[in-house]
Number of protein chains: 2
Amino acid sequence: MRISELAEATGVPVHTLKFYLREGVLMPGTATSRTRAEYGPEHVERVRLVRGLVEYGGVSVEGVRSIVRALESPPPSRPELLGVAHATLPAGPTRGEVSAEVAALVDDLGWQVWHEGPPVAELSSALEAARGAGVPVSPEALRRYARAMEAVAEVDVDVAAAAASPTEALHTVVVGTVMVDPVLVALRRMAQEAVSVARG
Amino acid sequence: MRISELAEATGVPVHTLKFYLREGVLMPGTATSRTRAEYGPEHVERVRLVRGLVEYGGVSVEGVRSIVRALESPPPSRPELLGVAHATLPAGPTRGEVSAEVAALVDDLGWQVWHEGPPVAELSSALEAARGAGVPVSPEALRRYARAMEAVAEVDVDVAAAAASPTEALHTVVVGTVMVDPVLVALRRMAQEAVSVARG
DNA sequence: CAGTTTGGACAGTGTCACTATCCGATGTCA
DNA sequence: TGACATCGGATAGTGACACTGTCCAAACTG
């Protein structure tokens, strides 16, 4: 298909597709002449991925570029997969050092995590910000939140393990981590309603 | 304290504080003369709230305005609290109708939720976006995610129930819902690592 | 072969969260 | 008292970002 048909198939204006091509988040089509190129279903898929990441994942175009680069590279081995995935994903704001409460939590839960990794720093900063905003998270509440997210991660790992190939597994982990976050946020709000009603 | 001292206490430039005053997200100090005003600890608190919501919650200044308006209004009764809170919070992107799978999920879990509420529409859209991005969420996975978020909501409701006054409860629910989201996201990434390692 | 479409270059737009500049009034300190 | 910094308030400018509009020549299309 030509660029105008790709635009029609995805609902994204031609101009925006050109922009994505320029920014390197959409791979070029196969040129049929100096001023003509052919696009296929993989381009449709890619455009939907880009839009999903930008609109729902809040990922910048530069972040998307780093993600699609990773998806196009030879996939890492199983144990390295998460490290690569988390290094690829755009990190939230981080400021201070890793707080003692996070170290205590990790220790308490028996989690084996990379203490210098982005998620640990992000958690410290997020807790600090919540405290500053007047909503301190008690150690007890934090523990219960962590247990719940462990259950989420169990699902994540199950889904990734079901992937047919390493390439697909990487795609599932990277894209799934970003795109499922808004799903969880919505579910949390719905669950708040449900629990609140159930408590009467 | 004067505006320059408020700036020093919060680490926010004076110019930005003036901007917040202009935008109505920071209440004016008590004027001591025509060109002088006095700020107190509640202003420090408010500034930290605004920064937290903007930086970590990804809330726009207009969204912050709606939130602080709600926090300053007479608090709603317990049963109305969540409705008011969710109506106040900035909604994620929503496009289509409520999908059948969401209705089925709610039915299956026995949740009593407002089907026309923002969270239900957001969930439908987020699921649709994930599908489009090549990471479909199976009904089984969705169910397990929902159960996990139910556990999160249990904590949320416990924390809110512990509030000393309706005003404080509203603050906890509104601000906590926004500020704890990034905490959960970070915990999810850490839990992914931990679970992945544990599975060996 | 007239008219449309394409790829490519390049600059412009709209939004948003600040940030800089001015101004006259007011504090502060020698 | 008077020099000088600071304050509030008003107005306008900045930089980042995700597009979006304009042009152009080449090349399809009917």
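The pair B:Arg48-A:Glu128 does not meet the salt-bridge criterion, since no charged nitrogen lies less than 4.0 angstrom from a carboxylate oxygen. A salt bridge links B:Arg147 with B:Glu150: at least one charged nitrogen is closer than 4.0 Å to a carboxylate oxygen. The pair B:Asp156-A:Arg189 fails the salt-bridge criterion, with no side-chain N (NZ, NE, NH1 or NH2) lying under 4.0 Å from an Asp/Glu carboxylate O.
Residues B:Ser60 and B:His15 both approach DNA chain C. Their nearest nucleotides, taken by heavy-atom distance, put B:Ser60 toward the 5′ side. Between B:Thr32 and B:Arg51, the residue anchored nearer the 5' end of DNA chain C, judged by the nucleotide with its closest heavy atom, is B:Arg51. Along DNA chain D, the nucleotide nearest A:Thr16 and the nucleotide nearest A:Ser33 are compared for position; the residue whose nucleotide lies closer to the 5' end is A:Thr16.
Residue B:Ala37 is classed as a sugar-phosphate contact, given heavy-atom separations below 4.0 Å to backbone atoms only. A:Arg22 comes within 4.0 angstrom of a base, heavy atoms only. Note on A:Val54: only backbone sugar-phosphate atoms sit closer than 4.0 angstrom, heavy atoms only; bases stay farther off.
Residues B:Val113 and B:Leu142 share a hydrophobic cluster, clusters being chains of Ile/Leu/Val/Met/Phe/Trp/Tyr side chains in contact below 4.5 Å.
Going from atom CD of B:Glu38 over to atom P of C:dT26 covers 17 Å, rounded to whole Å. When rounded to the nearest whole Å, the span between CG of B:Leu17 and P of C:dA20 equals 14 Å. Computed from coordinates, the A:Leu21 CG to C:dT6 P distance equals 13 Å when rounded to whole Å. For A:Lys18 and C:dA11, the NZ to P distance is 16 Å, given to the nearest whole Å. The nearest whole Å value for the distance from the CD1 atom in A:Ile3 to the C1' atom in C:dT4 is 16 Å. Between the CD atom of B:Glu55 and the C1' atom of C:dC18 there is a distance of 13 Å, given to the nearest Å. Between the C1' atom of C:dG7 and the CG atom of A:Leu6 lies a distance of 14 Å, rounded to the nearest Å.
For DNA chain D, the contact window with chain A, defined by any atom under 4.0 Å from a protein heavy atom, covers D:dA18 to D:dT29 in 5' to 3' order.
The side chain of B:Tyr20 contributes no N or O atom lying less than 4.0 Å from OP1 or OP2 of C:dT19.
With a 4.5 Å cut-off on side-chain heavy atoms, A:Ile3 and A:Lys18 count as touching.
Counting only distance, with no hydrogens or angles, the side chain of B:Glu45 and the backbone of A:Gly134 share no donor-acceptor pair below 3.5 Å. No donor-acceptor pair under 3.5 Å is formed between the side chain of B:Gln112 and the backbone N or O of A:Ala194.
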